[in-house]
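Below is one structure, written out as structure tokens; comments come after it.
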Amino acid sequence: MHPVLKTVLQRLGLGVLTLFAVSIIIFSSLQMLPGGYAQNILGQGATPETVKNFNHELGLDRPAYVRYVEWIGNAVQGDFGNSYSGTTGTIKRSVSAIIAPRLYNTFFLAAMAAVVAVPLSLLLGVLAALYRNSWYDRIVNSITLTTIAMPEFFIAYLLMFFFAVKHRWFYSLSTVSESTSFWEHVNRATLPALTMTLVIIAHMMRMTRASIINLLASPYIEMAQLKGVSKSQVILRHALPNAWAPIATVIAFNLAYLVVGVVVVEVVYVYPGIGQMMVDAVSSRDMPVVQACALIFAATYILLNLLADIVSITTNPRLLHPK
Amino acid sequence: MNEFEHKLSMAKKAVGLGKLSRRDFMAFTMASGMTLSASQLMFAQAARAEAKKGGTFKAGIGHGQTTDSLDPATWSNGFTFAFGKSVMGAPLVQVNDKNVAVPHVAESFEPSNGAQKWVFKIRKGITFHDGRSLTADDVVNTINYHIGADSKSPAKSVLSSVTSVKADGPDTVIFELKGGNADFPFLLTDYHLSIYPSKDGKIDFAAGIGAGPYKMKSFEPGVKLVGERNESYFGTTYFDSIEMLSIVDVAARTNAYLAGEVDFIDRADLKTIDMLKGAPNTELYNVSGFAHYTAPMHVDTKPFDNLDARTALKYAINRQELVDKILFGYGSPGNDDPISAAMKYAINPAPVYSYDPDKAKALWKKAGMEGQKVDLSASDAAFAGGVDTALLMAEQAKKAGIEINVIKEPNDSYWDNVWLKKPWCLCYWGGRPVADMFLSVSLAADAAWNDTHWKNPRFNELLLAARAETDETKRAAQYAEAQQLVHDDGGQIVLMYNNFVGALNTTVGHNTFNSDFDHDGGYMYERWWKA
């Protein structure tokens with residue numbers, strides 16, 4: 001079997017196991033949280049009687065393992081159940097229907113940020129390696145380190161203050177809905193995407209720079225320099241292809257972060273993404289939604305890391321053609 | 001807009017509301033250098049800036065969750081409560097700006113049998129958003145949905161005194177109560193109780209169809225609700241459409257307001273309120289409500305079972321300082337009377353509890369508590385600034401030789417595991433339009449929310465008597481005595497009454513604000529207009 005295919009299959013198998021473990025951990029940790037959905041929704045109005053009615057209607061008066069087995073059985077068949085918020089009365093809101101539009105929004109925002117951030121950080125990183133220890137290198141380093149060191153919400157407020165309140169170039173509210181057109185969506189999501197770009201750029205830029213510089217001490221680079229190859233060609237043709245593996249890992253890590261770690265940005269810009277939904281679901285103990293979100297997040301990590309591994313293998317002939 | 005323009009626009013607005021006389025307005029404008037004819041013209045224009053139809057109203061609301069639903073039994077936050085007050089829903093009774101219960105879906109109501117039986121005539125010709133007409137059966141089914149045995153609605157406890165509700169013909173509904181209640185119509189202003197269309201005894205709320213001023217155009221839980229004017233609404237409303245946006249983050253809400261994306265925000269950040277006040281075209285929405293922050297003590301638990309210890313703690317707290325530091329002055333100090341001074345039947349019981357460390361020290365000693373610690377459970381879930389409040393209280397009490405040990409409780413399960421369970425904690429009471437509701441919900445001996453375990457026979461006697469009393473003078477005397485008892489003997493420390501503070505664009509017109517709830521009593525979507 002081709003080594004790449006073998007790795008992919010192995011990883012996917014392990015991924016499924018990981019997802020299973022994640023679901024057990026999430027389910028049991030939610031059991032340990034004090035309070036419950038009924039108490040949360042009813043607030044001060046939670047009398048023992050109303051709580052009992054609520055829990056009975058949601059099936060929460062059954063033991064935890066029964067509920068878990070039932071849930072996982074359905075989830076395997078692609079049915080994530082109904083949100084508790086829709087189980088009462090006649091309104092049923094299936095978890096998939098609630099999550100789908102928000103997941104789209106999250107991927108939309110992540111893609112927007114990635115399209116800008118990944119090429120930009122690679123470019124900045126390569127240039128920083130090329131002109132290392134120059135003024136350019138120092139300035140880029142200090143700016144990107146400053147933006148990564150500042151909390152996301154602070155960057156978000158700064159951008160909002162300058163670009164939405166002082167000069168009304170962009171929207172401060174990123175509320176989008178299904179009826180929003182594509183370009184309107186892009187326009188509304190500009191500030192959040194910019195915020196996330198500023199947050200992730202330093203990590204990728206510095207990894208690109210570091211892994212290229214690491215290679216510059218190797219004998220084959222010295223050889224290339226001795227035979228008179230120009231500085232930029234040395235980096236682009238000889239160093240970069242060998243530096244892909246660590247860079248790809250860092251990019252994958254940051255892309256995963258764009259999907260799962262943006263709740264603060266979502267809250268500040270009121271962007272209806274999945275992070276906000278998961279936080280709401282946890283605080284209201286809406287377990288079916290929490291479970292589904294957790295599985296999506298775990299799957300995102302697994303798939304992106306798999307992708308990074310494939311990139312490492314295919315760019316490294318030693319791994320591609322093992323003896 | 002400079003300061004003069006700002007003042008001028010406020011003056012114009014006051015004229016429009018009839019709060020500023022022609023003479024005063026002219027004195028102001030002419031003092032600013034305007035000619036007589038110019039200012040006369042301006043007064044005439046301003047006086048005409050009255051309620052008119054049209055425009056879109058966008059509100060940035062500091063509540064709202066992705067778990068919100070259209071089921072009225074689940075409404076509990078500052079976003080969803082408006083659904084039943086003045087968006088999709090129309091209740092039987094509304095509270096007007098003079099704090100009087102006025103018929104709404106009902107045409108009239110009449111008590112009999114010592115206010116134990118209430119006959120509601122339903123207004124004829126009301127239609128729901130989809131054209132169905134509203135009947136007495138819909139009213140009965142709506143009420144039954146909330147008070148039924150398997151009901152999960154918080155309104156169940158509000159209406160616990162209702163023994164039966166029956167339709168009598170197509171436009172009459174009769175409520176029978178356990179005991180007389182002269183304030184019964186007020187109970188029906190509860191936001192859960194807006195009337196829904198029904199079929200076979202079950203109400204249908206899934207499509208958001210009610211009889212209220214706005215038809216629901218779209219609803220994304222935790223994001224926004226868009227409403228369009230219900231052209232066949234039986235009441236009066238002004239906006240063509242409304243947008244309710246859930247913006248939970250306070251800085252984001254403020255920025256959305258400053259960037260002009262919303263016309264109104266609630267729950268303004270009091271720390272930066274001066275900047276918001278100075279923003280162009282802004283009117284501060286500042287309403288002293290009936291809501292208050294409390295610190296309930298279990299009067300059957302040591303040391304709170306000792307009246308001297310309770311009184312010592314009441315004197316050991318500097319409430320004015322709490323108002324200044326926690327509410328930044330947007331509130332007023334409490335006097336251990338849950339009835340706010342602005343309410344009917346309110347008294348200010350003597351002696352007013354003011355900060356008196358010496359007296360507190362003496363009483364604490366008399367109670368035999370010298371050198372002993374008391375635990376106070378606090379969390380920001382009780383109210384914003386709860387932990388800071390508790391720490392301040394501990395500092396203040398230290399001067400009286402009382403050591404308060406502040407326990408920070410988790411926000412998450414505060415209402416489950418702390419409130420009603422810990423002997424001394426912090427609590428919050430929202431607005432209620434009548435004295436009886438405040439007194440009976442938390443101080444009556446059998447109340448589910450009796451968070452002080454205070455069971456005073458005389459108080460409960462007065463409460464029952466006053467509830468059914470229709471003679472105003474007698475009733476006022478009974479409520480006065482009841483309040484005095486709570487003040488002297490009760491375990492509830494009313495720390496402060498908090499104001500509702502928000503920001504409102506001056507293009508939005510309004511009348512006097514209601515104060516039982518935020519958002520003009522929840523009626524802003526119906527009662528405000530774009531000037």
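Labels below follow one simple rule: chain letters A, B, ... track the order of the sequence lines, proteins then strands, and each chain is numbered from 1. Basis for what follows: all heavy atoms, side chains included, without hydrogens, waters or symmetry-related copies.
A pairwise comparison of heavy atoms in B:Ala256 and A:Ser172 identifies CA-OG, 3.4 Å as the closest pair. Taking both residues in full, the closest heavy atoms of A:Val176 and B:Glu220 are given as O-OE1, 3.8 Å, listed atom of the first, atom of the second, then distance.
For A:Met150, the CE atom counts as densely surrounded, since its 6.0 Å shell holds more than 12 non-hydrogen atoms of other residues, nucleotides or ligands. For NZ of A:Lys166, the number of neighbouring non-hydrogen atoms (other residues, nucleotides, ligands) closer than 6.0 Å is 12 at most.
Residue B:Asn77 does not touch chain A at all, counting heavy-atom pairs closer than 4.5 Å. Looking at A:Val279, there are no atoms closer than 4.5 Å to chain B (heavy atoms on both sides), in backbone or side chain. Contacts between B:Leu245 and chain A at a heavy-atom distance below 4.5 Å involve the side chain alone, from C-beta outward. Heavy atoms of B:Ala149 lying under 4.5 Å from chain A belong exclusively to its backbone. Using a 4.5 Å cut-off between heavy atoms, B:Asn417 touches chain A through its side chain atoms alone. Heavy-atom distances place both the backbone and the side chain of A:Tyr171 under 4.5 Å from chain B.
Ranked by heavy-atom pairs under 4.5 Å with chain B, the list A:Gln276, A:Arg168, A:Met277 is led by A:Arg168. When B:Gly60, B:Gly222, B:Ser246, B:Pro221 are compared by the number of non-hydrogen pairs under 4.5 Å with chain A, B:Pro221 comes out ahead.
If you take OG1 on A:Thr175 and CD on B:Glu243, they are separated by 7.5 Å, rounding to the nearest 0.5 Å. Atom CG in A:Asp280 sits 5.0 Å away from atom CD in B:Gln65 (nearest 0.5 Å). Atom CG of B:Asn255 sits about 11.0 Å away from atom CG of A:Leu159, to the nearest 0.5 Å.
Partner of B:Asp249 under the side-chain contact (heavy atoms from CB on, under 4.5 Å) criterion, out of A:Phe153, A:Tyr269, A:Tyr157: A:Tyr157 alone. Among B:Ile247, B:Val223, B:Val248, the single residue meeting the side-chain contact (heavy atoms from CB on, under 4.5 Å) criterion with A:Val270 is B:Ile247.
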